[in-house]
Trainee: 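Input: one structure, supplied below.
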Amino acid sequence: MSRLEYQGKVFSAAPGETLLDALLRQGADITHSCRKGSCGCCQLRLLDGSVDTLREVDASLTQGSHVLCCVSVPRGDVKLARPDPNQRLQQVELLARTQLAKDTYALDLAPLRMLEFRGGQHVYLIRGDNLARPYSIASRPEDDFSFRIHVRRRGEMSTWLCEQARIGERMYLRGPHGGCHDRDDLRGRPLLMLATGVGAGALMAVARDALAQGHAAPIEFHHGVGDAGDLYLDAELRTLAQQHPNFHYRPCVSGERTPGAAHGRIVTHALENRPRLEEHALLLCGLPAMVEDARVAAILADIPRERILADPFEFTHSPRPRDAEKVAGMPADPELWAALEQGPGLTRLLEAFYARAYEDPRLSPFFHNVTRDWAVQKQYEFLSNLFNGNKAYFGLNPYNAHHWMVISDELFDYREALFESVLREAGLAPDLIRRWLALHEQFRTEMVKGAPRGMIIGGVEQPLHNLSVQRLEIDAVCDGCHGEIAAGAPSRYQYRVGSLHCAECAGITDA
Ligand code: HEM
C-alpha cells in the first residue's frame, strides 16, 4: 500500500493502482475524463515521491513536476497538490482600450514574454481572482509587438475589461489555441468567412493574413449582427474590399431591414441553396448556434471537414442541451431508411463501424466497460427512430450519453471520418451519406467539451461524480477486494466508472 497525501487528507493506493483510481475510490474530488493520459483533466502536481507512468503522454502535460493521475502509479508514498497555474500561464499587460461601437471595445495587450500566434486564434485571459474567458485575436503578429482583441461588454469578465481594468493592469494568459487561422494549403481556394458579433475582428485578421500572403482566390466575408449599429468594422471591411478586388464584404442584419445589408440569417445567405461550394474552405467565428448551422450546411454542401475551420464563442454558463428539441424537430428520412432495408442495413453498418471503433486507439478507451453489442443496439435505437420517424427512442440523448467524455472538435471529426469511410466502403449513395453525417453534425455542440460535466435531468445539472455513500438493499461484491458487501452495509458507487466499493476499500469511516 502507498500513502497518498492530497488536500490535507491521507489516502491509500493498492499495488499497481493508478492515482486516479485510488483517489476516486476514496471519495476525493478530482476532475477526470479520458483515463488514458490525453485530456489532461486529472493533472496534479507531485510535491514529493515518484510515480511510474503507464503510457507515453504529451510532454507539455507533465512539465514542472506535474503528473496525470489516470496513467500514474505511485512508487511508494507521494504528496500531491493542485496544478500550478504559473507553469502553464504567462503574464500580459493591458496597453490601450478603444471603443469601436456602443458595446464593443478593442483592447491592446502586451505579453511579457514572446507570444507566437496567428490572427484568428484565441487566448484565455485570467484575472487575479481566477476568472477566465477566451478571446479571439483580432490582429496579426506583423501589426505590432502587442496583440489586439475585440470585446463585447457582456458578462463579468468582458464588462470588467471594457469598464474597469486599468491601463497597465496585468493578468495571466493561456494559449494561444485554435486552428481557425490562415493556412498555406488554403491558398488558391475560395474562402467563405462567416462571423457574428466580435467574431468579425478575428476573421478580418485571418483575411488580412491571407491577403498579405498573396491569396488571389475570392474571399467572401459575411458579418452577421442583430442590429446595424453592431456592424462595427463596416468602414474597415469596405476599405479592404476597395484595396483587394478578390475580397467581398457582405454585411447581414437579422433585425430591422438595413440598406446595403442582407436581411435574415447569415447562414442562409452564405451557404444554403448555393451550388458548387465543395471547392471552398469555410471559416467560422461567432455564436455557437451560427457555427453549428453553418457546419451542418457545409456537410450537406460537401465541403470536406478538413476545410471547415471554426472557433465558436465559449460562454461561461454551461450550455443547456438542445438535443431533445432537435430530435423532436427532425424530419424522417424514408429514402435513407429504405436504402438501409428498413433496419438490417443499419445493423450491418453499425456493426462494421463499432468493430473499427473498438480497435481504434483513440476511440476504444471511451468504450471501457461497454460491450460492442450494447453500443450497436443503443445506436440502432437512436438512429432508426430518427430515420423512420417513429420517435420511440427511450435511451439517453447525446448530451447525457456523453456527459463525462472529453471530446474535442478534432476527435469528433476523427470519429466522423471513420464513420464516413464505413458508409462509403458499404457503397451507400453519396447524398445519403451527406444527410446522415449532417444529422450527426447537429449534435456536435452537445458532445464537444473540454471538461466533463454532469448529466442534466429535469433541467437540473446533476453532480458529476456520485460519490455519496449508499446502502444497497441486496448483497453485492466489492470491485476492490472482491469481498461481499452485505445488504444494508455502507458502500460507494461511482456511476461514471460503474464501480462499487465496500466501506473499507472506499475509505468510508463516518457512515
Ligand atoms: C467522438 C465522438 C463520440 C464518442 C467518443 C462516443 C462514445 C460513446 C460511448 C462510449 C457511448 C456509451 C456510453 C455508455 O453506455 O455509458 C456512447 C453512447 C451513445 N452515443 Fe456516442 N460517441 C460519439 C459520438 C456520437 C455521435 C456523433 C452520436 C450520434 C449523433 C452518438 C450517439 C450516441 C448514442 C445515441 C448513445 C447511446 C445512449 C444511451 O446510452 O442510451 N455518439 N457514445
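Residues take their numbers from the sequence shown, with the count starting at 1. Whatever order the structure lists ligands and atoms in, that order sets their numbers, starting from 1. Just the heavy atoms: all of them, side chains too, but no hydrogens, waters or symmetry mates, feed the values below.
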Trainee: Can any side-chain N or O of Arg307 pair as donor or acceptor with the backbone N or O of His280 at less than 3.5 Å?
Mentor: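 Yes; at least one donor-acceptor contact below 3.5 Å.
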
Trainee: Quick one: look up the protein heavy atom nearest atom 34 (C) of ligand 1 and list residue, atom name and how far away it is.
Mentor: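 Answer, as residue, atom name and distance: Gln379 NE2, 3.5 Å.
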
Trainee: Any nitrogen or oxygen of Leu439 lying under 3.5 Å from a nitrogen or oxygen in ligand 1? Just yes or no.
Mentor: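 N/O-N/O distance below 3.5 Å does not exist for this pair.
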
Trainee: Please list, in number order, the atoms of ligand 1 under 4.0 Å from a heavy atom of Lys378.
Mentor: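 What qualifies from ligand 1 is 37 (C), 39 (C), 40 (O), 41 (O).
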
Trainee: Measuring only between side-chain heavy atoms, which start at C-beta, is Tyr172 closer than 4.5 Å to Gln90?
Mentor: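 No. Closest side-chain heavy atoms not under 4.5 Å.
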
Trainee: Of all N, O or S atoms in His402, identify the one at the shortest distance from atom 21 (Fe) of ligand 1.
Mentor: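 Of the nitrogen, oxygen and sulfur atoms in His402, atom 21 (Fe) of ligand 1 lies nearest to NE2.
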
Trainee: Number the atoms of ligand 1 from 1 as they appear, then name those within less than 4.0 Å of a heavy atom of Tyr393, with their elements.
Mentor: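 Per the distance check, 35 (C), 37 (C), 38 (C), 39 (C), 41 (O).
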
Trainee: Which of the listed options, Arg362, Met447, His403, Met405, holds the heavy atom that is closest to atom 11 (C) of ligand 1?
Mentor: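 Looking at heavy atoms only, Met405 sits closest to atom 11 (C) of ligand 1.
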
Trainee: Can you tell me if Tyr414 contacts ligand 1 (heavy atom of the residue under 4.0 Å from the ligand)?
Mentor: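 Heavy atoms of Tyr414 never come under 4.0 Å of ligand 1.
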
Trainee: Do Phe382 and Phe443 make the cut of ring centroids closer than 6.0 angstrom?
Mentor: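 Close enough - the centres of the two rings lie under 6.0 Å apart.
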
Trainee: Can you tell me if Phe419 has a non-hydrogen atom under 4.0 Å from ligand 1?
Mentor: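 False for this residue.
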
Trainee: Considering heavy atoms of the protein only, find what lies nearest to atom 27 (C) of ligand 1 and give residue, atom and distance to 0.1 Å.
Mentor: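 Going atom by atom, the protein heavy atom closest to atom 27 (C) of ligand 1 ends up being Arg415 NH1, 3.2 Å.
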
Trainee: Are any of the heavy atoms in Glu416 under 4.0 Å away from ligand 1?
Mentor: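 So Glu416 counts as touching ligand 1.
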
Trainee: Distance to 0.1 Å, residue and atom name: give those for the protein heavy atom nearest to atom 41 (O) of ligand 1.
Mentor: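 I find the closest protein heavy atom is Leu396 N, 2.8 Å.
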
Trainee: Backbone or side chain, does any N or O of His440 fall under 3.5 Å from an N or O of ligand 1?
Mentor: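 No, His440 has no N/O under 3.5 Å of an N/O on ligand 1.
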
Trainee: Atom 15 (O) of ligand 1: which protein heavy atom is closest, and how many Å away?
Mentor: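 Closest protein heavy atom to atom 15 (O) of ligand 1: Trp374 NE1, 3.1 Å.
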
Trainee: Given side chains that start at C-beta, do those of Glu335 and Leu340 come closer than 4.5 Å, heavy atoms only?
Mentor: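 Glu335 does not reach Leu340 side chain to side chain.
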
Trainee: Under a 4.0 Å heavy-atom limit, does Glu381 contact ligand 1 with its side chain, its backbone, both, or neither?
Mentor: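 For Glu381, no heavy atom sits under 4.0 Å from ligand 1.
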
Trainee: Pick one: which of Glu278, Glu279, Glu220, Glu306 meets salt bridge (charged side-chain N to carboxylate O under 4.0 Å, His left out) with Arg189?
Mentor: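 The residue from Glu278, Glu279, Glu220, Glu306 that satisfies salt bridge (charged side-chain N to carboxylate O under 4.0 Å, His left out) with Arg189 turns out to be Glu279.
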
Trainee: Would you call the rings of Tyr354 and Phe367 parallel, tilted or perpendicular, taking 30° and 60° as the class edges?
Mentor: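 Judged by the thresholds at 30° and 60°, the geometry between Tyr354 and Phe367 is perpendicular.
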
Trainee: Considering non-hydrogen atoms of the protein only, which is the closest contact for atom 14 (C) of ligand 1, and what is the distance?
Mentor: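 Heavy-atom neighbour on the protein nearest atom 14 (C) of ligand 1: Val370 CG2, 4.0 Å.
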
Trainee: Report the part of Phe394 (side chain from C-beta onward, or backbone N, CA, C, O) that has a heavy atom under 4.0 Å from ligand 1; answer both or neither where that applies.
Mentor: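 Looking at Phe394 and ligand 1, no heavy atom falls under 4.0 Å.
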
Trainee: Considering only the protein, which heavy-atom contact is closest to atom 10 (C) of ligand 1, and what is its distance?
Mentor: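 The closest heavy atom on the protein side is Phe366 O, 3.2 Å.
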
Trainee: Go through it in stages, so that I can follow the logic: the residues are Asp184 and Arg187, the test is salt bridge (charged side-chain N to carboxylate O under 4.0 Å, His left out), and I'd like the CA-CA distance, side-chain angles, deciding distance and then a yes or no.
Mentor: CA-CA 6 Å; Asp184 285 345; Arg187 207 67 61 241; 3.8 Å; yes

Trainee: Can you confirm whether more than 12 heavy atoms, excluding those of Glu425, are under 6.0 Å from its CD atom?
Mentor: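 Counting other residues, nucleotides and ligands, CD of Glu425 exceeds 12 neighbours.
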
Trainee: Show which atoms of ligand 1 fall inside a sub-4.0 Å distance from at least one heavy-atom site of Phe382.
Mentor: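 By the 4.0 Å cutoff, the relevant atoms are 29 (C), 30 (C), 35 (C).
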
Trainee: Is the gap between the ring centers of Tyr135 and His122 under 6.0 Å?
Mentor: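 No; His122 has its ring centre 6.0 Å or more from that of Tyr135.
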
Trainee: Just to be sure I read this right, does ligand 1 sit under 4.0 Å from the backbone of Ile407, its side chain, both, or neither, counting only heavy atoms?
Mentor: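 Ile407 to ligand 1: side-chain contact only, backbone stays beyond 4.0 Å.
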
Trainee: Are the side chains of Ser2 and Val78 in contact, using a 4.5 Å heavy-atom criterion?
Mentor: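 Sidechains of Ser2 and Val78: no contact.
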
Trainee: Which of the numbered atoms in ligand 1 are under 4.0 angstrom from any heavy atom belonging to Gly395?
Mentor: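 Counting from 1, the qualifying ligand atoms are 41 (O).
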
Trainee: Could you list the atoms of ligand 1 found under 4.0 angstrom from a heavy atom of Ala401?
Mentor: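 So the answer, numbered in order with elements, is 38 (C).
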
Trainee: Could you check whether any side-chain N or O of Asp182 sits under 3.5 Å from a backbone N or O of Val206, counting only pairs where one atom can act as donor and the other as acceptor?
Mentor: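 No, Asp182 side chain to Val206 backbone: no donor-acceptor pair under 3.5 Å.
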
Trainee: Give the numbers and elements of all ligand 1 atoms closer than 4.0 Å to a heavy atom of Phe443.
Mentor: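 Atoms satisfying the 4.0 Å criterion: 30 (C).
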
Trainee: So Arg82 and Tyr6, do their side chains get closer than 4.5 Å, heavy atoms only?
Mentor: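 Result yes, sub-4.5 Å side-chain heavy-atom pair found.
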
Trainee: Stepwise, does the side-chain hydrogen bond (donor to acceptor under 3.5 Å, both in side chains) test hold for His177 with Gln121?
Mentor: CA-CA 6 Å; His177 303 282; Gln121 287 192 292; over 6 Å; no

